[in-house]
Amino acid sequence: MRGPRLLLVLLLLTAFTLTALDARSGDGSPFEGLRRGVDAVLGPAQRALGGAVTRVAGAVDGESAADERLEQENARLRAELRRTDDLRRRVRELDELLQLRDDGSYPMVPARVTARGSAFGFASTVTIDAGSSDGIEPGQTVVSGDGLVGRTVRVGAFTSTVLLVTDPGFTVGARLDRQGTVGLATGTGDGLELALVEGGRLEEGDALLTTGSDTFVPGVPVGRVTSVDDGRQVSTAQVAPFVDVTALDLVGVVTEPPRSTPRVPLEPRPGS
Amino acid sequence: MTVRRALLSVATVLAALLVQSTVLTRLPLPGGAPDLLLVLVVAYALAEGPLSGTVTGFCAGLLADLTSDHELGRTALVLALVGYVAGLVADDPSYGGSGERSTLLPFAVVGLAAAGAVTVYAVEGLLLGDPRITASAWLTALLGTSAYCVLLTPFVVPVVGALVRRVGRDPLRHR
């Protein structure tokens, strides 16, 4: 019985060394090439099998192509409706003078979810069937008709891993649609928690939209406030995402956010 | 190890990995999903003992790590440990290592192995500062993953046992 035990110790030490190396090196991991290689080999198989599973599941649900089109149309309209409150506020703030282009129309690469990350029940990632060959890069915003899905974290040639909005490692800058108050929303596993950056009031039913940053495009609906906790220092709120992360199918990856927002300088009007 | 026996391991592990990510984890189940890879490693360990279990567990885990977004080696460590312990149970004469084996044994081993795997993975996460590991997430995974793995057992353990007998037992086992 000494053989297996010795081998076990050796393999455990190897695994631990790999973990330590990978954890310490962060983004510039020496194993990135190896991961890419595995993605390139398993990606196409995953893509094919995942697509077939999605079609079979759709057929079992009795979902026809027409149903699917209606569903997508519905989702798009719902998302548009949610943006209306925000747009009204923005119009009020004379945003058009600044000629902000964030009306939610960005070049997008459509993709289907083919797999879900798994690590004994702890992971909150999905794999989509589009990768660097489709122009996708790490750190891009992923949306669906309902709103924000997450952001790309690892990109292979044909597949990419998406960190979901509900993941505890996920944080996004967000503002409330009616008040315009800004906060940070972080995943909690099954929803998000919003913490306001500055003071401000929070109300149940408020909708959240992304503020836009290096990573995220602005104006994407995130979720709705379900309960508010007025703390001593900061107010926090629980947020239910608009997107059902357990039933994702078609998503879009925003590949080209506006690199710089075009702004027109405001001239003081003469004589007033 | 014969070429055929090696191919069997490679094929089953790859198939399990694909089915896991494209089917099992996408099932709309409350409280997690079954872990096919874990059940597969236990099945090999029960059929062939600790050496086979440890090697299969390490290789399958490493492959799973490479397709995941967490640190490399975390699943490899967990599954190598699972394969070793499950293999010890299989070899122990008091559990019928040589003679008749209780039909309930695989269920018990898979259930305990899943609970142990979830816990070891959670401890690793705590050491690495993984924000996904919380008490409630651990409890959910502990109950959910273990229960679903037990449900998967009758579809995996007998199949792997039969395949291993067909292809020929791993000569490594007898050193």
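Values below: every heavy atom of this structure, side chains too, minus hydrogens, waters and symmetry copies. To find a chain, count down the sequence lines: A is the first, B the second, and so on, and within it residues start at 1. Source: prediction; values computed, not measured.
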Colleague: Using non-hydrogen atoms only, which part of B:Ala33 is less than 4.5 Å away from chain A: side chain, backbone, both, or neither?
Modeller: neither
Colleague: Give, as side chain, backbone, both or neither, the part of B:Leu38 having an atom under 4.5 angstrom from any heavy atom of chain A.
Modeller: side chain
Colleague: So for B:Leu128, is it side chain, backbone, both, or neither that comes closer than 4.5 Å to the heavy atoms of chain A?
Modeller: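 Just its side chain gets close to chain A.
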Colleague: Is B:Glu124 close to A:Phe16 at the side-chain level, that is, under 4.5 Å between some pair of heavy atoms?
Modeller: no
Colleague: Let me know if B:Thr145 has heavy atoms under 4.5 Å from chain A in its side chain, its backbone, both or neither.
Modeller: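 For B:Thr145, the contact with chain A is made by the side chain alone.
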Colleague: Which atoms of A:Leu13 come close to chain B, meaning under 4.5 Å heavy atom to heavy atom: side chain ones, backbone ones, both, or neither?
Modeller: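 Interface part for A:Leu13: neither.
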Colleague: Heavy-atom pairs under 4.5 Å with chain A are the metric here; pick the option from B:Leu62, B:Thr134, B:Ile133, B:Val23 that has the most.
Modeller: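 Top option by heavy-atom pairs under 4.5 Å: B:Ile133.
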Colleague: In sequence, state the C-alpha distance, the side-chain angles, and the governing distance for A:Thr19 and B:Leu77, and then conclude on side chain to side chain contact (heavy atoms under 4.5 Å, CB included).
Modeller: CA-CA 9 Å; A:Thr19 308; B:Leu77 186 142; 5.9 Å; no
Colleague: Do you know which two heavy atoms are closest between A:Arg154 and B:Leu66, and how far apart they sit?
Modeller: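 That would be NH2-O, 3.8 Å.
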Colleague: Taking every heavy-atom pair that is under 4.5 Å apart, which of A:Val53, A:Leu8, A:Val113 has the most such pairs with chain B?
Modeller: A:Leu8
Colleague: From B:Glu71 CD over to A:Leu21 CG, what is the distance, rounded to the nearest 0.5 angstrom?
Modeller: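 One finds 11.5 Å between CD of B:Glu71 and CG of A:Leu21.
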Colleague: Would you please test B:Asp65 and A:Phe31 for side chain to side chain contact (heavy atoms under 4.5 Å, CB included) and show each step?
Modeller: CA-CA 11 Å; B:Asp65 282 329; A:Phe31 309 113; over 6 Å; no
Colleague: Kindly determine whether A:Arg35 and B:Leu72 satisfy side chain to side chain contact (heavy atoms under 4.5 Å, CB included), including the steps that lead there.
Modeller: CA-CA 9 Å; A:Arg35 285 181 191 265; B:Leu72 203 66; 4.1 Å; yes
Colleague: Using non-hydrogen atoms and a 4.5 Å limit, figure out which bit of B:Leu36 sits close to chain A: side chain, backbone, both or neither.
Modeller: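 For B:Leu36, there is no contact with chain A at all, as no heavy atom is under 4.5 Å.
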Colleague: Answer with side chain, backbone, both or neither: which region of B:Leu14 has an atom nearer than 4.5 Å to a non-hydrogen atom of chain A?
Modeller: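 Just the side chain, heavy atoms under 4.5 Å.
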Colleague: Flag the one option from B:Leu24, B:Val78, B:Leu127, B:Asp130 with the top tally of heavy-atom pairs under 4.5 Å to chain A.
Modeller: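 Most heavy-atom pairs within the cutoff with chain A belong to B:Val78.
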Colleague: Are any non-hydrogen side-chain atoms of A:Phe120 and B:Leu79 less than 4.5 angstrom apart?
Modeller: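 Yes, close enough: below the 4.5 Å cut-off.
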Colleague: List the steps, then state whether side chain to side chain contact (heavy atoms under 4.5 Å, CB included) holds for A:Val9 with B:Tyr84.
Modeller: CA-CA 10 Å; A:Val9 172; B:Tyr84 179 76; over 6 Å; no
Colleague: How far apart are the closest heavy atoms of A:Ala15 and B:Gly73, and which atoms are they?
Modeller: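 Shortest heavy-atom contact: CB-O, 3.5 Å.
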Colleague: Measure the OG1-CZ distance between A:Thr188 and B:Arg132 for me, rounded to the nearest 0.5 Å.
Modeller: 13.5 Å
Colleague: Identify the heavy atoms of B:Val19 and A:Leu49 that sit nearest to each other, and give their distance.
Modeller: N-CD2, 4.4 Å
Colleague: So which residue, A:Ala52, A:Gly43, A:Gly50, ends up with the most heavy-atom pairs under 4.5 Å with chain B?
Modeller: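 Going by pairs under 4.5 Å, I would pick A:Gly50.
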Colleague: Any heavy-atom pair between the side chains of A:Arg116 and B:Ser21 that's under 4.5 Å?
Modeller: no
Colleague: Of the options B:Val55, B:Leu51, B:Leu88, which is the one that meets A:Pro4 in a side-chain contact (heavy atoms from CB on, under 4.5 Å)?
Modeller: B:Leu51
Colleague: If you tally heavy-atom pairs under 4.5 Å against chain B, which of A:Leu11, A:Leu18, A:Val38 wins?
Modeller: A:Leu11
Colleague: Are the side chains of A:Leu12 and B:Phe58 in contact, using a 4.5 Å heavy-atom criterion?
Modeller: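 When only atoms from C-beta onward are counted, A:Leu12 and B:Phe58 do not touch, as no gap falls below 4.5 Å.
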